[in-house]
Amino acid sequence: QVQLVESGGGLVQTGGSLRLSCAASGLTFVNYFMAWFRQSPGKEREFVAAISRYSSTKRYADSVKGRFIISRDNAKNTVDLQLISLKSDDTAVYFCAAGGALETDRLHYDYWGQGTQVTVSS
């Protein structure tokens with residue numbers, strides 16, 4: 001079955017950096033657009049970044065543009081999210097998702113990981 005497993009979350013100070021990784025299995029990775037979403041307590045799950053199948057197109061939420069970088073390695077079936085200049089507002093559970101289009105709406109994504117916690121302390 002399809003599995004998406006996130007790793008790399010943790011506790012970091014304001015202004016710090018983290019690199020999240022998502023390992024995919026059970027699907028033909030190159031056929032899927034990949035994305036990262038995040039969810040804070042009491043808030044809706046929101047789009048963070050997405051990448052096309054061959055990395056030619058990337059999309060970012062305005063709140064993370066210029067600070068986060070999404071990348072993928074089709075040979076390793078992984079998608080990463082580099083988080084730079086972290087702010088307290090970035091504190092959330094970060095989810096990896098796989099879908100059939102480069103969309104910001106979570107309804108377009110078919111498979112989801114369990115999430116990894118990122119906590120930014122001041």
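When reading the values below, keep in mind they use all heavy atoms of this one structure, side chains included, and skip hydrogens, waters and symmetry mates.
- Taking the side chain as every heavy atom from C-beta outward, Arg59 and Phe47 approach each other to under 4.5 Å.
- No path of Ile, Leu, Val, Met, Phe, Trp and Tyr side chains, each step under 4.5 Å between heavy atoms, connects Tyr60 with Phe33, placing them in separate hydrophobic clusters.
- Hydrophobic cluster membership is shared by Tyr111 and Tyr94, with clusters built from Ile, Leu, Val, Met, Phe, Trp and Tyr side chains linked at under 4.5 angstrom.
- Interatomic distance, Thr14 OG1 to Asp89 CG, rounded to the nearest 0.5 Å: 9.5 Å.
- Of all heavy-atom pairs spanning Ser85 and Ser17, the tightest one is N-OG, 4.3 Å.
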Show the numbers, then the answer: is there a side-chain contact (heavy atoms from CB on, under 4.5 Å) between Cys96 and Trp112? CA-CA 6 Å; Cys96 170; Trp112 293 84; over 6 Å; no

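- Gln117 approaches Ala92 most closely through the heavy-atom pair NE2-O, 3.5 Å.
- Both Leu27 and Met34 belong to a common hydrophobic cluster when Ile, Leu, Val, Met, Phe, Trp and Tyr are linked at side-chain heavy-atom distances under 4.5 angstrom.
- Proximity of Thr104 to Glu46: side-chain heavy atoms (C-beta onward) are nowhere separated by under 4.5 Å.
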Residue pair Leu102, Lys58: steps toward the side-chain contact (heavy atoms from CB on, under 4.5 Å) verdict: CA-CA 8 Å; Leu102 195 71; Lys58 300 175 185 180; over 6 Å; no

Could you go through the side-chain contact (heavy atoms from CB on, under 4.5 Å) check for Glu6 and Leu20 one step at a time? CA-CA 7 Å; Glu6 302 95 337; Leu20 308 182; over 6 Å; no

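- Between atom OG of residue Ser25 and atom CG of residue Leu4 there is a gap of 7.5 Å, rounded to the nearest 0.5 Å.
- At a threshold of 4.5 Å between non-hydrogen side-chain atoms, the residues Phe68 and Leu18 do not count as touching.
- Closest heavy-atom contact between Asp80 and Ser21: OD1-OG, 2.8 Å.
- From Gln82, atom CD reaches atom CD1 of Ile70 across 12.0 Å, with rounding to the nearest 0.5 Å.
- Using bins of under 30°, 30° to 60° and over 60° for the plane-to-plane angle, the ring pair Tyr109/Phe37 lands in the perpendicular bin.
- Note on Trp36: it clusters hydrophobically with Val120, by side-chain heavy-atom contacts below 4.5 Å among ILVMFWY residues.
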Could you check Val64 against Arg38 for side-chain contact (heavy atoms from CB on, under 4.5 Å), going step by step and ending with a plain yes or no? CA-CA 11 Å; Val64 307; Arg38 67 186 182 186; 4.0 Å; yes

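- Val118 and Phe95 fall into different hydrophobic clusters, where Ile, Leu, Val, Met, Phe, Trp and Tyr side chains are chained together by heavy-atom contacts under 4.5 Å.
- A salt bridge between Lys65 and Asp62 is present, with a side-chain N of the basic residue lying under 4.0 Å from a carboxylate O of the acidic one.
- For the pair Arg53 and Tyr32, the minimum side-chain heavy-atom distance is 4.5 Å or more.
- Lys87 has its side chain out of reach of Ser63: every pair of non-hydrogen atoms, C-beta onward, lies at least 4.5 Å apart.
- Cation-pi geometry between Arg72 and Phe29 is met: the NZ or CZ atom falls under 6.0 Å from the ring centre, inside 45° of the normal.
- The distance from atom CG of Leu81 to atom OG1 of Thr116, rounded to the nearest 0.5 Å, is 11.0 Å.
- Of the inter-residue distances, the one linking Ile84 atom CD1 with Asp90 atom CG reads 11.5 Å to the nearest 0.5 angstrom.
- The CG atom of Leu11 sits 6.0 Å away from the OG1 atom of Thr119 when rounded to the nearest 0.5 Å.
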